[in-house]
There are 2 protein chains.
Amino acid sequence: MSTLAASNQVTLADVAAKSGVSTSSVSKVLNLQPEQYRMSDQTRQRILDAVAALGYRPNFQARSLAKGRSHNIGILFEGSLPTILRDNDSGMLSGLEPILSDAAYQMVFIPIRQGSDEWKQMLSDRRVDACLVVNKLEDRVRQVLEQLRIPAVLVNGLANESIPTCNVDNVGMAKALTKHLLELGHQHIWMYTNIHVHKHHSVAERESGYQQAMIEAGLSEQINSFHMEFDAFVQKLVQIQQRPSAVVVYQHLEAVRLLQACWRHDIKVPDQLSVATFNNAYPVAHVIPPLTTMALPMLQIGEHAARLLLEMIEDSSNNKVVRTVPRFSGWHLVVRESTAHVMA
Amino acid sequence: MSTLAASNQVTLADVAAKSGVSTSSVSKVLNLQPEQYRMSDQTRQRILDAVAALGYRPNFQARSLAKGRSHNIGILFEGSLPTILRDNDSGMLSGLEPILSDAAYQMVFIPIRQGSDEWKQMLSDRRVDACLVVNKLEDRVRQVLEQLRIPAVLVNGLANESIPTCNVDNVGMAKALTKHLLELGHQHIWMYTNIHVHKHHSVAERESGYQQAMIEAGLSEQINSFHMEFDAFVQKLVQIQQRPSAVVVYQHLEAVRLLQACWRHDIKVPDQLSVATFNNAYPVAHVIPPLTTMALPMLQIGEHAARLLLEMIEDSSNNKVVRTVPRFSGWHLVVRESTAHVMA
DNA sequence: GTGAAAGCGCTAACAC
DNA sequence: GTGTTAGCGCTTTCAC
């Protein structure tokens, strides 16, 4: 006998009693598809009525224990909460949440902190059924995931043999963004990436898009991609003889900083320099001047990732391996005041 | 017999077998304080050794079921992810996470969405043992929480009879911020709050701090607090004959917007207008010009909230009621370029 | 078609 | 001091 406060929770047994059947029948009705078992419509209806009448809701923990599933999805990320998780409206979370909720899955945030093994504990304790890895899949994380055979989907990270990945069409986006600048008459266009994100696959992809656009415009000699510290890039920009008339910045955070640096060095944006970037996230619309940017289809990506995760959990017993690397092309260009026609 | 893949997980029974005792003895050693039961040091050591040797880790779901605890803390918020949750380094999450982890609690984010009862389901399903409510405790939420007797702590929200609250010392902060402006020679200082946050308690508190500072400086006739739409405030600022030389902005997001508006209307910051605000969060350091702001002690608040929640869960069986409204005064002023000496 | 019964892994009251 | 046992609420196999 337990001493825990006898909760007034309605249990399966209550429903079974009320409808005059066994708990297993109730369980069947609640969990299985009609074609997976035989039962008279009459009985089923009686059970359904009882469920409704009593307002029965299954006990999450009990179900988890019996099924060997935690019904948690771990959201793995390193350091601070990633940008793509922060924006809720039309952001990735908005895509994930409804789909996971419907499947009775909840999201648990798991920061990977330096000097803490908490994340590893969570995984090896099976406190999650699957993981969404954000931005980057480090080797040590991948190893743990593989070893524990925890299904995982990588979002916005380097595509990898071992794990399905959801990414935006970086090439297409960068190409379209560069084309926008070309159409404004710019020819001398640079691309800048902070050295610290150098290893991320999307860097190469966005650069490729930029390069393709330049080449198609017959400006291949003008191609110039910089990977350096922020301050070094600013120095370069300030000191160079023939300054470019436009810069494509790999990341919106850097673009915001670039605007500040231009202000410090009295470079007028967009008169003397057009600035364009990726991600229509805060605060790109509120800086000086408002930034032209590519809006990423994070909602769709979130939805896709959620479905993929659920599938993988489903299939994990079958040892099926899902291996897709979709490219999401639902991006669109948001033109604001940081880009303008090139000055004569 | 279950068909679930026989996991190779080490169970309590394994430990018991290996150390030649019963599962209950192992359970005692693992869960109770030594003073709560009798056991020979020998036996205890044997059990501890077996635990270590086998690498035993308790099954989270099973424990949850047996104890009637989900070991989840729900983080309740409305709409988008609140600012105070976003910054991870030295932010509230950094305060919460280690403490909750240590107590084997994990955080589950629960957005309160319009038109969705998902949050209510989560609560009534007891999928959380307690809740951290962020920014605002709406009546409908409070009612559900009370009815279900789910312990909750409000952070950064209006203090209320029914629920313990962790807040910053808004009065002190606003006073110090205003004093900074006064020391720079400003006399004609306004305060601005977006009308949409009007109901938040901290508005009145920050206003009170601002007013106190003004009064103590003998400038009570200069006190001017505005609650209006952003655009209306900007109009006011642009059109007024004698423009203030400084503005205290209730929220950093609005301060960022204000800088943009000043730029549009060719009001030089800080030469013609000093701008000061609260919260040293992104992107205040990266706007034009960098914003002077009050850094909030969110880390401490997070830590305190975490401890409070754990206590409340512990005490909930005893029907003890915790009712504290601490004020955290670990703030500090960060002076940047948006404030300067008043021009003659 | 339906139900009995054996778990899932752990906790805790109580007996010895 | 230590073990026995009865749960926690649900799922699933298998017998009827």
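Chain identifiers are assigned alphabetically (A, B, ...) following the order of the sequence lines, protein sequences preceding nucleic acid strands; residue numbering begins at 1 within each chain.
The salt bridge (Lys or Arg N to Asp or Glu O under 4.0 Å) search around Arg38(B) returns none, not counting sequence neighbours.
By the 4.5 Å heavy-atom criterion applied to side chains, Ser124(B) and Leu148(B) are counted as neighbours. Between Asn156(B) and Val134(B) there is no side-chain heavy-atom pair separated by less than 4.5 Å. When side chains are defined from C-beta on, Leu137(A) counts as touching Leu145(A), because their heavy atoms get closer than 4.5 Å.
Rounded to an integer number of Å, the gap from Tyr37(A) OH to dT13(D) P is 16 Å. Between the NE2 atom of His71(B) and the C1' atom of dT11(C) there is a distance of 11 Å, given to the nearest Å. If you take CG of Leu65(A) and P of dT11(C), they are 12 Å apart, rounded to a whole angstrom. Rounded to whole Å, atom P of dT11(D) lies 13 Å from atom CD of Gln36(A). What separates CE of Met39(A) from C1' of dT12(D) is a distance of 13 Å, to the nearest Å. Atoms CD (Gln61(B)) and P (dT11(D)) sit 14 Å apart, rounded to a whole Å. Between the P atom of dG1(C) and the CD atom of Gln42(A) lies a distance of 12 Å, rounded to the nearest Å. In this structure, Arg69(B) places its CZ atom 15 Å from C1' of dC10(C), rounding to the nearest Å.
Residue Ala66(A) has its side chain nearest to dT11(D) when only dC10(C), dT2(D), dT11(D) are considered. Set against dC10(C), dC8(D), dT11(C), the side chain of Lys67(B) has dT11(C) as its closest nucleotide.
Between Asp139(A) and Arg142(A) there is a salt bridge, since a side-chain N of the basic residue sits under 4.0 Å from a carboxylate O of the acidic one. No salt bridge links Asp49(A) with Arg46(A); every basic N to acidic carboxylate O contact stays at or beyond 4.0 Å.
Note on Arg63(B): a side-chain N or O is less than 4.0 Å away from OP1 or OP2 of dT11(C). Phosphate proximity of dT2(C) to Thr43(A): present, with a side-chain N or O under 4.0 Å from OP1 or OP2.
Sorted by residue number, the members of residues 17-34 of chain B with any non-hydrogen atom under 4.0 Å from DNA chain C read Ser24(B), Ser27(B), Asn31(B). The stretch residues 45-58 of chain B has no heavy atom under 4.0 Å from DNA chain D, so no residue of it qualifies as close.
Taking five base pairs at each end of the helix from dG1(C)-dC16(D) to dC16(C)-dG1(D) and finding the rotation axis that steps the C1' atoms of four pairs onto the next four gives two axes whose angle is 40°, to the nearest 10°.
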Please tabulate, one pair per line, all N/O donor-acceptor pairs under 3.5 Å involving side-chain atoms of residues 54-64 of chain B, not counting sequence neighbours.
residue: Arg57(B); atom: NE; partner: Gln121(A); partner atom: OE1; Å: 3.2
residue: Arg57(B); atom: NH1; partner: Gln121(A); partner atom: OE1; Å: 2.7
residue: Arg57(B); atom: NH1; partner: Asp125(A); partner atom: OD1; Å: 2.7
residue: Arg57(B); atom: NH1; partner: Asp125(A); partner atom: OD2; Å: 2.5
residue: Asn59(B); atom: OD1; partner: Gln61(B); partner atom: N; Å: 2.8
residue: Asn59(B); atom: OD1; partner: Ala62(B); partner atom: N; Å: 2.7
residue: Arg63(B); atom: NH2; partner: Asn31(B); partner atom: OD1; Å: 3.4
residue: Ser64(B); atom: OG; partner: Phe60(B); partner atom: O; Å: 3.0
residue: Ser64(B); atom: OG; partner: Arg69(B); partner atom: O; Å: 3.1

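Proximity of a side-chain donor or acceptor of Asp102(B) to a complementary backbone N or O of Ile99(B) within less than 3.5 Å is not detected. Checking side-chain atoms of Ser101(A) against main-chain N and O of Glu97(A) turns up a donor-acceptor pair under 3.5 Å.
The ring-ring contact (aromatic ring centres under 6.0 Å, His included) pairs that include a residue from residues 94-129 of chain A are His71(A)-Tyr105(A), Phe109(A)-Phe109(B), where partners are two or more places apart or lie in different chains.
A 6.0 Å sphere centred on CD of Gln36(B) holds more than 12 heavy atoms belonging to other residues, nucleotides or ligands.
Considering every non-hydrogen atom in both Ser22(B) and Ala16(B), the closest pair reads C-CB, 3.7 Å.
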